[in-house]
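One structure is given below, encoded as structure tokens.
Nothing here was measured: the structure is a model prediction, and the numbers come from that model.
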Amino acid sequence: MKKHNFSAGPCILPQEVFEQSAAAILDFNGSGLSLLEISHRSKDFVPVMEEARAIVKRLMKLGDEYEVLYLGGGASLQFAMVPFNLMKQNGGHAAYLDTGVWASGAIKEAEKLGKVNIIGSSKAEGYTYIPKNYTAGPECDYFHCTSNNTIYGTQMKTFPKVDTLMVCDMSSDIFSREMDFSQFDLIYAGAQKNMGPAGVTLVVVKKEILGKTGRNIPSYLDYSLHISKDSMLNTPPVFPVYASLLTLQHLEKNGGIAAAEEKNMAKAALLYREIDRNPLFEGFCAEEDRSLMNVCFKITDETRKEAFDAAWKAAGINGLNGHRSVGGYRASLYNALPLESVKILTDVMKFL
């Protein structure tokens, strides 16, 4: 039986992506070679990278002022690459919004290169809400935020108007909802949360913001060098790039981001409705900041926990346990998760 996969990442992907990826490993484009063994400079792979970069701009409705990169190192490497490329060497100063573990990790890396002003934080309250009513002025080299907080189940519903560059870590909700992507100067996202397998990170950056820090940047950490080599400064993670392209092609041909958002809202509404209705369950975070991607909740009667765990496992549900730092449960509702899986979960919750 196919599992109902609520894992937070690596996560569920469309079935046809698995099938196409598997076929490419055996024989890519009828070449008689596996995708895993061809040159990244070959006539078969270069178009993959070109289209993987182009489709991102189509889906985000961005113009030629932006460049798209597929890099290694995960989103965690971007915690360092962002300040290396955007924070001035002399008197560097950045503003960060602290909304969870990953935002905190980004702050720690930026503090190694310059001054960081934490302009809003929900840490004292266990990251159960998104801070509001903060400002980032022109004295800052950039403002950094995390759009969705996987561990805690909070999500930024709107983004502030700031008088500096806007940087956003969209690792866990990219391509899940419509927004004006042009409001951001730099976006990055680890692929394994919604758009592909682990091993590659998407970066979308406005070219004009680069090269202004006065820093001597290590080569691999320099966005400009990656751009100059068409995202192939070194051998790229070939398989994750290809699988990400397939995932984005699936998204595009099935109505794009708007259609995905409609489905994601229906899935989240169904599950939150059951959590609010059922006295046996309780949500973690402020209602106005609830994530459409990661629904975190707890059981209110610990004597029923063993029975609930047995029931959802028997129903073929996988990946429902909450993050070890928070506990409880976490249902991740990424684009490829069908509504039927959420109905199975809510049925278990209703009849426990």
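Between Q78 and L71, the closest side-chain pair of non-hydrogen atoms falls below 4.5 Å. Looking only at side-chain heavy atoms (C-beta outward), L186 and V82 come within less than 4.5 Å of each other. A heavy-atom distance below 4.5 Å is found between the side chains of I55 and L245. Side-chain atoms of L270 and T346, non-hydrogen and from C-beta on, do get closer than 4.5 Å to each other. Residues R290 and C285 meet the side-chain proximity criterion, which asks for heavy atoms closer than 4.5 Å. With a 4.5 Å cut-off on side-chain heavy atoms, V162 and T135 do not count as touching. Between D173 and S291, the closest side-chain pair of non-hydrogen atoms is not below 4.5 Å. Here the side chains of Q155 and N149 are not in contact, with every heavy-atom distance at 4.5 Å or above.
L339 and V348 end up in the same hydrophobic cluster when Ile, Leu, Val, Met, Phe, Trp and Tyr side chains are linked at under 4.5 Å. The hydrophobic cluster containing L36 also contains L246, counting ILVMFWY residues as joined when their side-chain heavy atoms lie under 4.5 angstrom apart, directly or transitively. Note: the hydrophobic cluster containing L113 does not contain F143 (ILVMFWY, side chain heavy atoms under 4.5 Å, direct or indirect links). Under the 4.5 Å side-chain heavy-atom criterion for grouping Ile, Leu, Val, Met, Phe, Trp and Tyr, L35 is connected to V241 within one hydrophobic cluster. Linking Ile, Leu, Val, Met, Phe, Trp and Tyr residues whenever their side-chain heavy atoms come within less than 4.5 Å places M179 and M195 in a single cluster.
Taken to the nearest 0.5 Å, the CE atom of M349 stands 9.0 Å off from the CD1 atom of I299.
With a 6.0 Å radius and a threshold of 12 heavy atoms from other residues, nucleotides or ligands, W312 has its CH2 atom above the threshold. Surrounding NZ of K157 are more than 12 heavy atoms belonging to other residues, nucleotides or ligands, all under 6.0 Å away. Atom CG of D180 has more than 12 heavy atoms from other residues, nucleotides or ligands within 6.0 Å. Summarising the local packing, CD of E288 is surrounded by more than 12 heavy atoms from other residues, nucleotides or ligands at distances under 6.0 Å. Around the CD atom of E262, the shell of radius 6.0 Å holds no more than 12 heavy atoms that belong to other residues, nucleotides or ligands. Annotation: K229, atom NZ; neighbour count of heavy atoms from other residues, nucleotides and ligands within 6.0 Å does not exceed 12.
When all heavy atoms of M87 and A110 are compared, the pair lying nearest together is CE-O, 3.9 Å. Here the shortest heavy-atom pairing between A260 and L251 reads CB-CD1, 3.7 Å.
Side-chain contact of S172 with N148: a donor-acceptor pair under 3.5 Å is present, judged by distance alone. Residues N294 and Y334 have side chains that bring a donor and an acceptor to within less than 3.5 angstrom of each other. Using a 3.5 Å distance cut-off with no hydrogens or angles, the side chains of T303 and D301 do pair a donor with an acceptor. Under 3.5 Å, the side chains of D44 and S42 contain no donor-acceptor pair of N or O atoms.
With salt bridges taken as basic N to acidic carboxylate O contacts below 4.0 Å, one links K57 and D64. Salt-bridge annotation for R215 and D222: absent, with no side-chain N of the basic residue lying under 4.0 Å from a carboxylate O of the acidic one. A salt bridge is absent between K267 and E340; no separation between the charged side-chain nitrogens and carboxylate oxygens falls under 4.0 Å. Checked for salt-bridge contact, E51 and R58 meet the test: a charged N lies under 4.0 Å from a carboxylate O. Using a 4.0 Å cut-off between a side-chain N of Lys or Arg and a carboxylate O of Asp or Glu, E111 and K108 do not qualify as a salt bridge. One finds no salt bridge joining E67 and K206 here, because no Lys/Arg side-chain nitrogen approaches an Asp/Glu carboxylate oxygen to under 4.0 Å. With respect to the salt-bridge test (charged N to carboxylate O, under 4.0 angstrom), the residues K343 and D347 do not qualify. A salt bridge does not link K123 with D98: every distance from a Lys NZ or Arg NE/NH1/NH2 to an Asp or Glu carboxylate oxygen is 4.0 Å or more.
At least one donor-acceptor pair closer than 3.5 Å links the side chain of D289 to the backbone N or O of I130. Panel note: side chain D141, backbone H93; a donor-acceptor pair is recorded below 3.5 Å. Between the side chain of S21 and the backbone N or O of A243, no donor-acceptor pair lies under 3.5 Å. Side chain of N321 to main chain of Y329: no donor-acceptor pair is present (N/O by atom type, distance under 3.5 Å, no hydrogens or angles). Checked by atom type and distance alone, the side chain of T154 never pairs as donor or acceptor with a backbone atom of T128 at under 3.5 Å.
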> salt bridge (charged side-chain N to carboxylate O under 4.0 Å, His left out) between K305 and D309: does it pass, once the steps are laid out?
Replying inline: CA-CA 6 Å; K305 184 180 187 307; D309 290 349; 2.7 Å; yes
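Ring to ring, Y242 and F28 are close: their centroids are under 6.0 angstrom apart. Between F181 and Y66, the distance separating the two ring centers is not shorter than 6.0 angstrom. Residues Y96 and Y142 bring their aromatic ring centres within 6.0 Å. Residues F184 and F159 place their aromatic rings such that the two centres sit under 6.0 Å apart.
Classified by interplanar angle (parallel below 30°, tilted 30° to 60°, perpendicular above 60°), the ring pair Y152/Y127 is tilted. Using cut-offs of 30° and 60° for the angle between ring planes, the Y220 and H226 rings count as perpendicular.
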